[in-house]
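Here is the naming used below: chain letters follow the sequence lines, and residue numbers restart at 1 for every chain.
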There are 2 protein chains.
Amino acid sequence: MKELLISLEHNGGIPLYEQIYQYIKTEIADGKIIAGEKLPSSRALSRQLSVSRSTVDLAYEQLESEGYLESRPCIGHFACDIEGFVQVEPNKGKTSQAPKRRREGYSIDFAVNGIDPGGFPQNIWRKISRQVLSDEDAGMFQLGDSQGEWKLREAIASYLHHARGVEAVAEQIVVGAGNDYLLMLLSMLLGKSSKIAMENPSYDNAWRCFRSLGHEVVSIPLDEAGMKPSELEESGARIAYVMPSHQFPMGMVMPLKRRLQLLAWAKRQSGRYLIEDDYDSEFRYIGKPIPALQGYDQHETVIYIGTFSKAIAPSIRISYMVLPATLLQQYRELGSNFSVTISKVDQKIIEIFLREGYFERHLNRMRALYKGKHDLILKNLKDMTSICQVFGENAGVHLLLKLKNGMTEEEACRLAKEAGIKVYPLLAYFPDCRQAGDGEGILLGYATLKEDEIQRGMNILKEVWS
Amino acid sequence: MKELLISLEHNGGIPLYEQIYQYIKTEIADGKIIAGEKLPSSRALSRQLSVSRSTVDLAYEQLESEGYLESRPCIGHFACDIEGFVQVEPNKGKTSQAPKRRREGYSIDFAVNGIDPGGFPQNIWRKISRQVLSDEDAGMFQLGDSQGEWKLREAIASYLHHARGVEAVAEQIVVGAGNDYLLMLLSMLLGKSSKIAMENPSYDNAWRCFRSLGHEVVSIPLDEAGMKPSELEESGARIAYVMPSHQFPMGMVMPLKRRLQLLAWAKRQSGRYLIEDDYDSEFRYIGKPIPALQGYDQHETVIYIGTFSKAIAPSIRISYMVLPATLLQQYRELGSNFSVTISKVDQKIIEIFLREGYFERHLNRMRALYKGKHDLILKNLKDMTSICQVFGENAGVHLLLKLKNGMTEEEACRLAKEAGIKVYPLLAYFPDCRQAGDGEGILLGYATLKEDEIQRGMNILKEVWS
DNA sequence: GGGTATTTGTCCGTATGTATG
DNA sequence: TCATACATACGGACAAATACC
């Protein structure tokens, strides 16, 4: 049994089952599938082609009725001997393949961004999308609320309360097209003159955004608990941007004590704010989820930012933030002049996705999926204890390896690259320069890779790094 | 292993496997089935429940994919540890009231914003949406180009060339979620110290945006051709925001001579830019469409902004701008740090909508629709020549009435309001104060009204204003 | 203790119902 | 009404693990 490389056109006028039928028929007629050979099961093929099993069934049935296939119940479909068949197929060129995307010579990319390909809940999304677009609600196409639709904000508030311990009401929530946009909006509310403290290292795109927006960014060193409060205090910053749940890229979880210290810092002087970026908190593989920093805040100093980029897909551009009461007035004066940046259709889709429990199911599924990949890497790393030590495990979709055998980051990346593997040096995530004594680090993201790719990648890394 | 007491409803609308799934999931979540516990075999359970084994299999498979169960081949299914799973329950957190929408007692609202209810091409949109969401392009859900997808930008460039005489290549185009967002992005590129000149009166939301962003806005008086070049020169502004095709709210079309004068102003000093807001250029009811100002620009001084808010729907949040070459470098340095603000799905939908000719057909349909409303108002206004004079006709989706019978705007609005009709005073669109000698003006928008509502509204206005 | 019957998850083809255009 | 596609439900065949003789 071989794999069938059928490229289907979903709306090319030709029915799906017909395309499958034609393909297999040609394969048999051309002798590429020989008599007696087993074909993929209807389930396997339907999964591979992302169509319903019934569609494959229809094709198989037609092939069977024409004598190309024989069906043995409970066993499979098998190609028949077609000697003596009349071939009435004069025309036709070959089906052309779409050109493959070049990957800069990398065969496996441990990218720290992105999601599992195929992880997007496409069928449910399509179903809800159709439902929303079939609705006769005329208001669906007029301009909506600048903060986002009320019911969506309620659904987000409810989710945040239960899943993240965030205390928020719909009034405080602002939805927007991606974290970058929300940072842009926030920058306006907080004023351009605000000095912003960031963890060192931190999420590179956030500091690029802040700098583009004209803010002064100061890097605060980390210890094993996260941003050092003493250095934050000394920095003179008014805003601190932190990722307490799973710091990027170091992967540490901020302990309660440190969280309280940061909250104390914010409270100490009026006008200070903590921006909590909870970018991938959905994915924890052991223990209970840690409630968000925002949940401990008693003095309206935390701005909580969350996103569906990691949990659903980066390309749908849906993020949200919870403004403390002290910033709401500021938002109403300045921010509400800017129309909402998410289509009302998408807002409605995600609202239903949240309210009807699809999100919960999806999260559980993705968590199981990513945990599998996570565990696979960890298992492989057990053979590499002399080469590196792992940090930031049991959460998120990336790991940090600290090199122990004297290799530099550049060396490690270069060796990997020569073997076709892309890994990421820690250096890239220090806004200014790295702090002393941090050691050499490599980031491995696993969201976009399949398990067999991970296994192959790890085998190669083991070899080239030894 | 305990016995499961599931009572299945065979025709309750909920599929059997779903009922089994829900039951077991709840048992695990409630701790009635503890981690590690063995579940009945699919055969045993199917016998007990009198359903097929595959039905139980389906439920088990789903539970496994979501991490509730673990399957050990040839041994059985076992419950997993679900500590840390998200449980979405009814909201027990803070509650808040949805803000009540006030009806304000108007029965007919000549709103200057919005589109025809029912004007959205819902069926085609749904069809394309379904097509896009059926596509198995895995890249569809990873983060895309910061400027927008290349093919969409090509499609927009092509449309702009043919329909608006805009000279642009895909490289220059930046798509974004609404004009407000694009202005925010532009503000960053142009620098916050830029003094911005606007027409007086002008589009109120644009000046609110600029002010929120910290720009100094100066109002330049208009004559019958539009913004006065001499006053613009004297203002010391570096940026001028204009609507040459159909000025809002005055409705004038800027003649070529004035356009060239503005371009000359921009050229005179380096760093000057014209922002051309072409918000409703799609709707012209007589004569040829006037090419955009951008098309006459020889010196890379015009930033062209267009939107699908008027032509398709405000709620879909799709706008675009054409950057002059001189700003592209600036965009790459600052702007490209911000991810695109439109879902890739929506980008694909609108790309197909443009490429396959749906947009052209839609525009023609809408133009005919709005022309009918437009003509109906004009016909009614012929009986009111003693009360008011009409401006800004034959384009867009609103008209300006200048009152001739001594009524003030407030009076006219009040009289209309008492009769349940909402009309809009010109005053609201002057950023600072109105210029002398402009007269009293009333805006009538007709996009959202049906023809019979317009007729009734006009009848009433005729009566109360006499 | 080694062969055998049974249990189990898994995979298979099949049939029918349902939604959409 | 009909074609297309997907959802739901059914029961048999198989191999691996296990229990039993």
Tabulate protein N/O versus nucleotide N/O from nucleotides 2-6 of chain C, keeping only pairs under 3.5 Å, one per line.
none

Legend entry - Length of the line joining B:Glu61:CD and C:dT10:P, which is rounded to integer Å: 9 Å
Inset, instruction - Check every nucleotide of DNA chain D for an atom under 4.0 Å from a heavy-atom of chain A, then give the first and the last such nucleotide from 5' to 3'. - result: D:dT4 to D:dA13
Inset, instruction - Could you tell me whether A:Asp375 and A:Lys379 make a salt bridge, using a distance below 4.0 angstrom between a side-chain N and a carboxylate O? - result: no
Inset, instruction - Check every strand shown and say whether A:Leu58 touches a base, only sugar-phosphate, or nothing at a heavy-atom separation below 4.0 Å. - result: nothing
Inset, instruction - Select from B:Cys74 and A:Glu64 the residue whose nearest nucleotide in DNA chain C is closer to the 5' end of that strand. - result: B:Cys74
Inset, instruction - Go through the structure and list residues passing side-chain hydrogen bond (donor to acceptor under 3.5 Å, both in side chains) with A:Glu18, not counting sequence neighbours. - result: A:Gln22
Legend entry - Given DNA chain D, 5'-ward residue of the pair A:Ser50 and B:Ser50, judged by closest heavy atom: A:Ser50
Inset, instruction - Indicate the atoms forming the closest heavy-atom contact of A:Tyr370 with A:Ala447, along with that distance. - result: CE2-CA, 3.6 Å
Inset, instruction - Starting from P on C:dC11, measure out to CG on A:Leu39 and report it in whole angstrom. - result: 18 Å
Inset, instruction - Kindly indicate whether the side chain of B:Tyr17, heavy atoms from C-beta on, has any atom under 4.5 Å from the side chain of B:Asp57. - result: no
Inset, instruction - Look at the side-chain N and O atoms of B:His77 and state whether any lies under 4.0 Å from the OP1 or OP2 oxygen of C:dT8. - result: no
Legend entry - More than 12 heavy atoms from other groups under 6.0 Å of CZ on A:Arg126: yes
Inset, instruction - Measure the distance from CG on A:Leu69 to C1' on C:dC12 and round it to the nearest whole Å. - result: 15 Å
Inset, instruction - Please state how far atom CZ in B:Arg72 lies from atom C1' in C:dT8, giving the value in whole angstrom units. - result: 13 Å
Legend entry - Spacing of B:Leu63 atom CG relative to C:dG9 atom C1', expressed in whole Å: 15 Å
Legend entry - nucleotides 16-21 of chain C: protein proximity per nucleotide (B base, S sugar-phosphate only, - neither; heavy atom, under 4.0 Å): ---SSS
Legend entry - Student check: side-chain heavy atoms of A:Glu64 and A:Glu70 closer than 4.5 Å: no
Legend entry - A:Ser41 side-chain N/O to C:dC11 phosphate OP1/OP2 under 4.0 Å: no
Inset, instruction - Quickly work out the B:Arg53 CZ to C:dC11 P distance and round it to whole Å. - result: 13 Å
Legend entry - Toward the 5' end of DNA chain D, by each residue's nearest nucleotide, B:Ser52 or A:Tyr17: A:Tyr17
Inset, instruction - Could you tell me whether the side chain of A:His77 and the main chain of A:Lys38 form a donor-acceptor pair under 3.5 Å? - result: no
Legend entry - N/O (side chain, A:Ser71) to phosphate O (OP1/OP2, C:dT14) under 4.0 Å: yes
Inset, instruction - Search all heavy atoms of A:Ile312 against all heavy atoms of A:Pro121 and return the closest pair with its distance. - result: CG2-CD, 4.3 Å
Inset, instruction - Give a yes or no on whether a salt bridge exists between A:Glu360 and B:Lys25, defined as a side-chain N under 4.0 angstrom from a carboxylate O. - result: yes
Inset, instruction - Identify whether any heavy atom of B:Tyr60 sits under 4.0 Å from a base atom; if not, whether one sits that close to sugar-phosphate; answer base, sugar-phosphate or nothing. - result: nothing
Inset, instruction - Identify, with sequence neighbours excluded, every residue that meets ring-ring contact (aromatic ring centres under 6.0 Å, His included) alongside B:Tyr159. - result: B:Phe359
Legend entry - Close side-chain approach of A:Trp125 and A:Ile350, heavy atoms under 4.5 Å: yes
Inset, instruction - Identify, with sequence neighbours excluded, every residue that meets side-chain contact (heavy atoms from CB on, under 4.5 Å) alongside B:Ile75. - result: B:Arg72, B:Phe78
Inset, instruction - Take the protein atom CG of A:Asp57 and the nucleotide atom C1' of C:dG13, then report the distance between them rounded to whole Å. - result: 7 Å
